[in-house]
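These numbers come from the heavy atoms of this one structure, side chains and all, not from hydrogens, waters or symmetry mates. Whatever order the structure lists them in is the order used to number ligands and atoms, beginning at 1.
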Amino acid sequence: MRKSIQFLSLLSLLLILGCQDHQRHTYTENDINIIPKPSELELRPGSFTFNNATRFELGGLGKEEWVRPLVHKFRTVAGWDLKIVESAPTNYVKLVEDRQLGEEAYRLQVEREGVIISAKGLPGFLYGLESLRQLLPKEIESNERVVDVSWEIPNVTINDAPRFKWRGLMLDVSRHFFGKEYVKKTIDRLVMLKMNTLHLHLVDDQGWRIEIKKYPKLTQIGAFRVNREDQHWNVRDTPRSGEDATYGGFYTQEDIREIVAYATARGITVVPEIEMPAHVMSALAAYPELSCFENPIRVPPGGVWPITEIYCAGKEGTFEFLEDVLLEVMDLFPSQYIHVGGDEATKNNWKICPHCQKRIKDEGLKNVEELQSYFMKRIERFVSGKGRTLIGWDEILEGGLPSGATVMSWRGMEGGLEASKAGHDVIMTPTEYCYFDYYQGDQDREPLAFPAYVPLRKVYDFEPLAKGMDPSQENHILGGQANLWSEYIPTESHSEYMLFPRVSAMAEVLWSLREDRDWNDFSRRIQSAFGRYRLLGINYSKSAYQLTAEANSKDGKLNISLKNEFPDPTIRYSMNGDDLSKEGMPYTGPITVTGTSTLSAALFKEGRQVGEPFKKHFEYHKALDKTPEYTDLYHENYPGEDKQVLVNVLRGSKDFHDGQWQGWLVKDMEVIIDLKAEEEVQKVVVGSIENQGAGIYFPKGMEVWTSLDGKDFDSVGQIEREYQANGIPELRNFEMGFEKRPARYIKVKMKNLEHAPSGGDAWLFIDEVLVQ
Ligand code: TNX
């Protein structure tokens with residue numbers, strides 16, 4: 001009896017195993033979602049399945065820490081304690097040294113017996129392990145036990161190596177400070193994406209973030225500012241006298257050593273940036289003697305523009321200070337490259353400073369541009385004298401580039417083209433593809449950001465080699481980098497939101513072969529990666545799921561087309577607020593909106609709504625498609641997308657570049673609209689935007705007139721409005737109601753504030769004049 005039970009249970013075990021074997025996956029290329037895409041991948045039939053007897057064989061390489069993260073993951077998700085052993089004849093993950101492979105290359109072979117990763121050393125082994133991790137089911141990223149998952153991976157051979165050797169991310173830890181734990185977390189994520197450079201922007205006006213033993217006030221004073229986090233970056237009140245500077249932080253030298261060691265063990269180089277000669281008000285607040293006129297200044301709590309408080313280029317003391325600082329920095333950072341900024345210096349002080357003028361004379365320089373060049377060349381000599389290589393932003397080209405300098409090209413690709421032609425190395429970081437402080441979705445739906453637009457697709461379209469480069473220039477392009485400036489990014493979760501998923505697109509641009517770049521294929525892989533990011537607790541952005549609308553009006557009717565960046569989107573829409581998942585109609589082509597209504601729409605995947613829904617209200621009115629006549633034409637930079645833009649029913653968004661806005665600088669907006677026939681009118685509504693940080697202000701008044709003949713106009717009302725400080729971009733309607741009256745012509749005037757309270761000329765922006 002007993003025997004037969006045993007026999008039965010053995011039978012059922014075999015059956016279960018047999019079934020499992022049966023249920024084994026048949027994989028296709030579409031099941032492989034590695035980002036960045038490997039340069040060579042062969043998929044073979046069959047698979048390997050991890051179980052609690054799988055062993056790691058390191059072949060005497062002795063680098064247990066390389067595989068520890070994966071061992072740890074299996075302990076978490078499966079409860080296994082996978083062993084590291086001398087030799088595992090079967091059921092193995094083996095690391096095998098292969099001296100023939102390139103510095104960062106690896107080979108990953110998966111067979112029924114196990115996995116073999118070959119590389120020359122670090123970081124190839126890590127990259128192989130990262131690809132292995134991405135072959136595993138996404139649940140491997142879970143931080144709790146998971147059941148019903150078979151840890152099976154397809155049989156593949158991957159031969160992989162990067163296209164570019166500089167695959168960078170810059171974190172601006174000055175405008176907002178991010179602690180060392182976040183930096184280490186970010187390093188882990190860069191390794192996951194096979195990126196290899198972390199550039200830390202350690203110095204800027206709003207905070208000095210690295211302890212320098214010889215100059216303790218840099219962090220005692222320079223690392224803290226008064227707290228104005230409740231105000232828009234560009235309109236923050238300056239510190240009041242006696243007010244404590246409480247907001248900020250810095251890395252001690254111990255912290256820096258910890259970060260650098262952590263990065264080095266993961267194949268990542270940390271490149272420090274010590275800004276000069278501008279973006280250094282934090283240093284001048286601590287040591288005013290380093291400036292031309294030694295004005296006592298405080299660390300500014302927000303944006304400063306233009307930046308006129310800069311280091312004095314005449315005093316020897318400035319150079320002594322900078323050399324001392326750089327010595328400590330070079331001692332902490334083994335990086336070959338030392339970044340010294342060089343951007344955005346307004347040299348007004350240099351023009352009138354006796355020290356600077358003397359320097360200009362003594363050195364036979366022509367002007368302050370050449371003085372900046374002198375400054376950077378002198379620092380370059382110091383840095384290269386210590387065996388390191390200087391990097392600067394592309395402004396270091398102005399007035400003569402220091403020999404031996406590497407250029408980070410940010411104002412487009414031109415700086416990089418010029419520098420590479422002159423035989424200098426270049427890292428490409430043009431704003432329009434690489435600035436992750438810019439919006440990645442609709443400005444009305446996104447958290448406040450720098451007012452420009454770099455969606456996921458745009459990052460993916462980045463190409464570091466410019467057209468027209470010859471092969472020798474191409475060889476000077478070391479790679480590219482994403483820059484996360486942090487003026488608008490106060491928290492870690494917000495930083496993650498701005499980084500992901502755009503940094504994954506950047507990783508692929510910089511690693512994968514140019515001919516493999518395929519948006520449709522990436523779309524599939526990135527959406528699969530979202531599942532991993534979720535399990536990893538990364539606050540990634542879902543903005544790529546947003547719908548964008550394009551509209552045109554014709555013969556008094558609006559046609560709206562809806563789009564999404566990902567291919568073949570399933571979109572449902574409804575008019576007037578119906579529940580999209582129940583009553584939503586499938587979107588098949590442009591929707592005609594014939595009267596006042598609200599359009600809602602959303603993207604659906606496998607029957608479920610993904611991303612935020614899209615919602616727009618269209619208010620029909622009597623001026624639709626009429627032609628406004630302007631007293632003073634709008635500014636040539638802001639004409640709107642066509643002549644009818646003020647009366648096309650389409651409203652502007654907070655993106656004042658979206659084509660729906662017309663702008664007037666200092667001047668008022670005054671238009672006359674001919675309704676083409678006598679109509680009963682009783683209200684005029686005018687849409688405006690305020691973005692004080694960008695110099696755009698609500699009107700200071702409004703007046704409306706009506707007329708029957710276009711000659712005699714009756715004023716029907718007038719409003720005056722006081723200026724109010726306003727920290728955030730805001731849309732607002734200005735309304736004028738009056739007793740119903742017949743009219744054919746409507747005249748509307750919106751008064752420009754003319755002069756911004758902070759100085760400078762004021763913009764007035766209008767998107768629509770509604771006549772009701
Ligand atoms: C320009 S890029 C800057 C930064 C700002 C950034 C905002 C560069 C060298 N300078 O100081 O943070 O724009 O996007």
Side-chain angles (χ1 to χ4, degrees), residues 168-178 199-209 225 232-234 236 271-283 299-310 337-347 372 376 390-398 401 405-416 419 426-440 443 446-455 458-459 462 480-490 494-495 498-499 502 506 655 657 691 693-694 729:
L169 170 69
M170 186 210 73
L171 288 184
D172 169 5
V173 293
S174 170
R175 271 58 174 273
H176 284 97
F177 180 65
F178 293 85
H199 163 181
L200 288 181
H201 183 75
L202 293 163
V203 173
D204 216 302
D205 295 313
Q206 295 84 5
W208 182 287
R209 304 298 179 204
R225 62 192 193 222
H232 186 282
W233 180 260
N234 283 335
R236 291 186 172 174
V271 177
E273 180 184 353
I274 304 297
E275 272 270 22
M276 61 188 77
H279 285 283
V280 294
M281 289 172 73
S282 54
V299 180
V304 176
W305 195 259
I307 306 168
T308 53
E309 285 292 349
I310 65 180
Y337 292 95
I338 304 293
H339 201 310
V340 296
D343 59 313
E344 298 182 325
T346 299
K347 303 162 189 91
Q372 160 135 353
M376 300 321 272
L390 175 141
I391 301 187
W393 299 109
D394 56 45
E395 282 93 335
I396 65 168
L397 282 155
E398 290 160 17
L401 187 63
T406 294
V407 172
M408 214 169 240
S409 185
W410 71 281
R411 296 173 303 174
M413 308 279 283
E414 290 71 28
V426 168
I427 297 125
M428 288 292 192
T429 65
T431 54
E432 52 174 324
Y433 298 97
C434 301
Y435 271 39
F436 287 7
D437 55 328
Y438 293 3
Y439 284 97
Q440 57 193 312
Q443 294 197 17
E446 292 288 329
L448 188 68
F450 186 94
Y453 186 46
V454 176
K458 187 83 187 180
V459 179
F462 174 43
Q481 179 170 295
N483 291 338
L484 187 58
W485 300 101
S486 66
E487 288 94 330
Y488 299 95
I489 304 173
H494 193 169
S495 169
M498 300 308 271
L499 286 176
R502 289 186 289 187
M506 182 60 76
D655 173 7
H657 293 286
N691 183 336

Q: Ignoring hydrogens and angles, tell me if any N or O in the side chain of Gln443 forms a donor-acceptor pair with the backbone of Asp655 under 3.5 Å.
A: yes

(Q) Parallel, tilted or perpendicular, judged at 30° and 60°: which one describes the rings of Phe450 and Tyr438? (A) parallel

Q.
Counting C-beta onward and ignoring hydrogens, is there a side-chain heavy-atom pair between Val203 and Val280 closer than 4.5 Å?
A. yes

Show the short N or O contacts, below 3.5 Å, that ligand 1 makes with protein N or O atoms; if there are none, say 'none'.
from: ligand 1; atom 1: 10 (N); to: Asp343; atom 2: OD2; distance (Å): 2.9
from: ligand 1; atom 1: 10 (N); to: Glu344; atom 2: OE1; distance (Å): 3.4
from: ligand 1; atom 1: 11 (O); to: Arg175; atom 2: NH2; distance (Å): 3.0
from: ligand 1; atom 1: 12 (O); to: Arg175; atom 2: NH1; distance (Å): 2.8
from: ligand 1; atom 1: 12 (O); to: Glu487; atom 2: OE1; distance (Å): 3.4
from: ligand 1; atom 1: 12 (O); to: Glu487; atom 2: OE2; distance (Å): 2.6
from: ligand 1; atom 1: 14 (O); to: Asp437; atom 2: OD2; distance (Å): 2.6

Exercise for review: Please examine the side chains of His201 and Glu275, heavy atoms only from C-beta on, and report whether any two atoms are closer than 4.5 Å.
Suggested key: yes

Sorted by chain and number, sequence neighbours left out, side-chain contact (heavy atoms from CB on, under 4.5 Å) with Asn234 holds for His232, Tyr488

Query raised in the report: Are any side-chain N or O atoms of Gln372 and backbone N or O atoms of Gly342, one a donor and one an acceptor, separated by less than 3.5 Å?
Result: yes

